[in-house]
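As the structure is a computational prediction, the values presented were derived from the model and not from experiment.
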Amino acid sequence: MSRLLHRTDAPPVPVRELTALSADGSSLHVELHGPEDAPAVVLAHGWTCNTHFWAAQVRDLAVDHRVVVYDQRGHGRTPEPGPGGYSTRALADDLEAVLRATLAPGQKAVLGGHSMGGMTLMAAAGRAAVREHGAAVLLCSTGSSRLTAESLVLPMRAGALRTRLTAKILGAPAPLGPVTGMSKVILRYVTMGRGSSPERVDACARIVHACPRKARVAWGQVLGELDLEARLRELRLPTAVIAGTEDRLTPPVHARAVEAALPLSLGLTELTGMGHMTPVEAPEVVTAKLRELVAAYVTVDSAAQAVSEEEVA
């Protein structure tokens with residue numbers, strides 16, 4: 001059986017844990033997995049998730065990669081933020097802090113982000129740490145703008161009413177409560193494809209329900225007003241995009257728009273029958289793409305050359 005089929009609620013044990021300090025003094029929980037001298041991969045999780053979300057990728061990649069995962073502010077073991085609060089600027093600040101804390105000067109890494117983690121990479125596209133450490137990027141199930149307008153969570157005709165109601169859902173303060181059979185049915189409808197296994201639905205439900213309500217609401221409000229289109233065009237690193245055809249939160253229209261706007265696109269992979277949680281629903285595909293990017297742009301030092309060629313063109 002593939003190593004990638006481990007449950008995401010049984011996370012790998014990190015080789016090392018540390019705290020990174022963001023620009024506003026916020027503390028970020030960071031985990032490092034795998035050999036210290038191996039090619040590096042840095043992964044940013046999405047809204048309401050935590051480091052456990054990447055368990056399948058960590059288990060496989062950490063055999064021969066240095067894998068860095070961290071909890072976004074307010075999620076998992078990262079506490080509520082400092083004065084910087086919740087914003088796309090804070091997402092970029094936090095990623096810079098993690099890169100500085102975990103990678104040696106000039107060390108390159110593949111950067112991967114799911115959902116809000118992908119938005120983190122867009123928000124940080126022009127940052128010095130991303131230019132210094134980024135070799136290539138993988139964006140999974142994400143978008144750069146119009147999240148509420150394009151969402152398919154509500155089975156209504158597109159328009160102003162659906163957009164307003166979706167925004168209210170994203171920022172709804174009601175607690176999620178315990179994981180139950182009904183809550184898993186709802187989570188599966190909203191975030192996963194119809195063919196997702198009960199084990200993977202359960203794993204995602206436990207991760208999402210563990211998210212503190214304050215962070216869920218605050219980030220939901222940020223996502224409701226998200227516009228990173230200009231930042232996306234600054235992401236001058238070789239970038240691959242993955243999306244599920246049954247994604248209701250960030251439907252494939254977002255992935256297609258992102259891929260079209262990328263300065264150095266490596267193409268879009270649409271996964272038939274998959275929903276929003278692609279790293280959990282299709283771990284083999286996501287992990288293989290990360291390995292492919294490492295082989296092309298980290299172990300073979302061609303990222304800088306690719307960027308130089310684009311600038312000359």
Inset, instruction - Go through Y189 and R194 one step at a time and tell me if the side chain to side chain contact (heavy atoms under 4.5 Å, CB included) criterion holds. - result: CA-CA 7 Å; Y189 168 78; R194 286 169 288 182; over 6 Å; no
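- Across all their heavy atoms, K289 and A240 have their closest contact at CD-CB, 4.0 Å.
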Legend entry - Intermediate values then yes/no, side chain to side chain donor-acceptor pair (under 3.5 Å), T278 and S141: CA-CA 7 Å; T278 46; S141 309; 2.8 Å; yes
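- Under a hydrophobic clustering in which Ile, Leu, Val, Met, Phe, Trp and Tyr are joined whenever their side-chain heavy atoms come within less than 4.5 Å, directly or via other members, V217 and L226 fall into different clusters.
- If you take CG on L43 and OG1 on T51, they are separated by 10.5 Å, rounding to the nearest 0.5 Å.
- Considering CG of L232 and OG of S144, their distance stands at 5.5 Å, rounded to 0.5 Å.
- A 4.5 Å side-chain heavy-atom check between P39 and R66 finds every atom pair outside the cut-off.
- W219 and Y86 have perpendicular rings, their planes meeting at more than 60° on a 0 to 90° scale where under 30° would count as parallel.
- Of the inter-residue distances, the one linking L111 atom CG with L237 atom CG reads 7.0 Å to the nearest 0.5 angstrom.
- Looking only at distances, no side-chain donor or acceptor of K184 sits under 3.5 Å from a matching main-chain atom of C204.
- Closest approach of T250 and T142 over heavy atoms only: OG1-N, 3.8 Å.
- Side-chain contact of S145 with E229: a donor-acceptor pair under 3.5 Å is present, judged by distance alone.
- In summary, R73 and D94 engage in a salt bridge, as defined by a charged side-chain N under 4.0 Å from a carboxylate O.
- Hydrophobic clustering, with ILVMFWY side chains joined whenever heavy atoms are under 4.5 angstrom apart, groups L95 together with L18.
- Residues Q57 and L290 meet the side-chain proximity criterion, which asks for heavy atoms closer than 4.5 Å.
- Residue I169 is found in a hydrophobic cluster whose other members, listed by chain and number, are L154, M156, L161, L165; membership requires side-chain heavy atoms under 4.5 Å apart, directly or through intermediates.
- Between R16 and E36, none of the side-chain N atoms (NZ, or NE/NH1/NH2) sits under 4.0 Å from a carboxylate O, so this pair counts as no salt bridge.
- Taking every heavy atom of both residues into account, P35 and A62 meet most closely at CD-O, 3.3 Å.
- For the pair L293 and P238, the minimum side-chain heavy-atom distance is 4.5 Å or more.
- You'll find the side chain of D71 stays beyond 4.5 Å of the side chain of L28, heavy atoms only.
- Here the side chains of E246 and M192 are not in contact, with every heavy-atom distance at 4.5 Å or above.
- The list of salt bridge (Lys or Arg N to Asp or Glu O under 4.0 Å) pairs with a residue in residues 142-164, not counting sequence neighbours, reads R146-E150.
- A donor-acceptor pair under 3.5 Å is formed between the side chain of T287 and the backbone N or O of P283.
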Legend entry - Stepwise side chain to side chain contact (heavy atoms under 4.5 Å, CB included) check, V68 with V98: CA-CA 9 Å; V68 178; V98 170; 3.9 Å; yes
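- With sequence neighbours excluded, the residues forming a side-chain contact (heavy atoms from CB on, under 4.5 Å) with V185 are M182, listed by chain and number.
- With hydrogens and angles ignored, the 3.5 Å screen pairs no side-chain donor or acceptor of S22 with any backbone N or O of G25.
- Residues L249 and T191 have side chains in contact (heavy-atom distance under 4.5 Å, counting atoms from C-beta outward).
- Considering all non-hydrogen atoms of both residues, D24 and G82 come closest at OD2-C, 3.5 Å.
- When side chains are defined from C-beta on, L266 counts as touching Y297, because their heavy atoms get closer than 4.5 Å.
- Between the side chain of S151 and the main chain of L147, no donor-acceptor pair closer than 3.5 Å is present.
- Taking the side-chain contact (heavy atoms from CB on, under 4.5 Å) definition, one finds that R231 meets it with L228, E234, sequence neighbours left out.
- Between the side chain of Q107 and the main chain of A104, a donor-acceptor pair closer than 3.5 Å is present.
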Could you pull out all donor-acceptor pairs under 3.5 Å where a side-chain atom in residues 119-128 meets a protein atom, sequence neighbours excluded?
unit_1	atom_1	unit_2	atom_2	d
T120	OG1	Q72	NE2	3.1
T120	OG1	M116	O	2.8
R127	NH1	D93	OD1	2.8
R127	NH1	E96	OE1	3.0
R127	NH2	D93	OD1	3.0

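- Within the structure, ring-ring contact (aromatic ring centres under 6.0 Å, His included) contacts touching residues 101-127 (residues at least two apart or in different chains) are F53-H114, H114-H276.
- Cluster annotation: L262 and L268 are assigned to the same hydrophobic cluster (Ile/Leu/Val/Met/Phe/Trp/Tyr, side-chain heavy-atom contacts under 4.5 Å, transitive).
- Qualifying ring pair (Phe, Tyr, Trp, His ring centres under 6.0 Å) partners for H133, counting only residues two or more places apart in sequence or in other chains: none.
- Rounded to the nearest 0.5 angstrom, L187 CG and D202 CG are separated by 10.0 Å.
- Sorted by first then second residue, the ring-ring contact (aromatic ring centres under 6.0 Å, His included) pairs that include residues 245-267, not counting sequence neighbours, number zero.
- Residues forming a side-chain contact (heavy atoms from CB on, under 4.5 Å) with T48 (at least two apart in sequence, or on another chain): V208, C211, R216.
- Residues V30 and E17 form no side-chain contact, since every pair of their non-hydrogen atoms from C-beta on lies 4.5 Å or further apart.
- Cluster annotation: V110 is connected to V285 through the hydrophobic network of ILVMFWY side chains, with a link wherever side-chain heavy atoms come within less than 4.5 Å.
- With hydrophobic clusters built from ILVMFWY side chains whose heavy atoms lie under 4.5 angstrom apart, I186 shares a cluster with V153.
- Comment: E281 does not engage R200 in a salt bridge, judged by the lack of any side-chain N to carboxylate O separation of less than 4.0 angstrom.
- Between T245 atom OG1 and M274 atom CE the span is 8.5 Å, to the nearest 0.5 Å.
- For R213, there are no salt bridge (Lys or Arg N to Asp or Glu O under 4.0 Å) partners two or more places apart in sequence or in a different chain.
- Every side-chain contact (heavy atoms from CB on, under 4.5 Å) that D64 has, sequence neighbours left out, goes to R291.
- Side-chain N or O atoms of T163 include one that pairs as donor or acceptor with a backbone N or O of G159 at under 3.5 Å.
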Legend entry - Derivation and outcome, side chain to side chain contact (heavy atoms under 4.5 Å, CB included), residues L138 and T239: CA-CA 6 Å; L138 177 61; T239 302; over 6 Å; no
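- Shown here for G34 and V15, the closest heavy-atom pair between the two residues is N-CG2, 3.5 Å.
- When atom types are taken as modelled, the side chain of E31 and the backbone of V69 share no donor-acceptor pair closer than 3.5 angstrom.
- A distance of 8.5 Å separates OG1 in T19 from CZ in R77, rounded to the nearest 0.5 Å.
- Sequence neighbours left out, the pairs with a member in residues 257-278 that pass salt bridge (Lys or Arg N to Asp or Glu O under 4.0 Å) are R256-E270.
- Contact record, G84 with A90: O-CB, 4.4 Å, taken as the closest heavy-atom pair.
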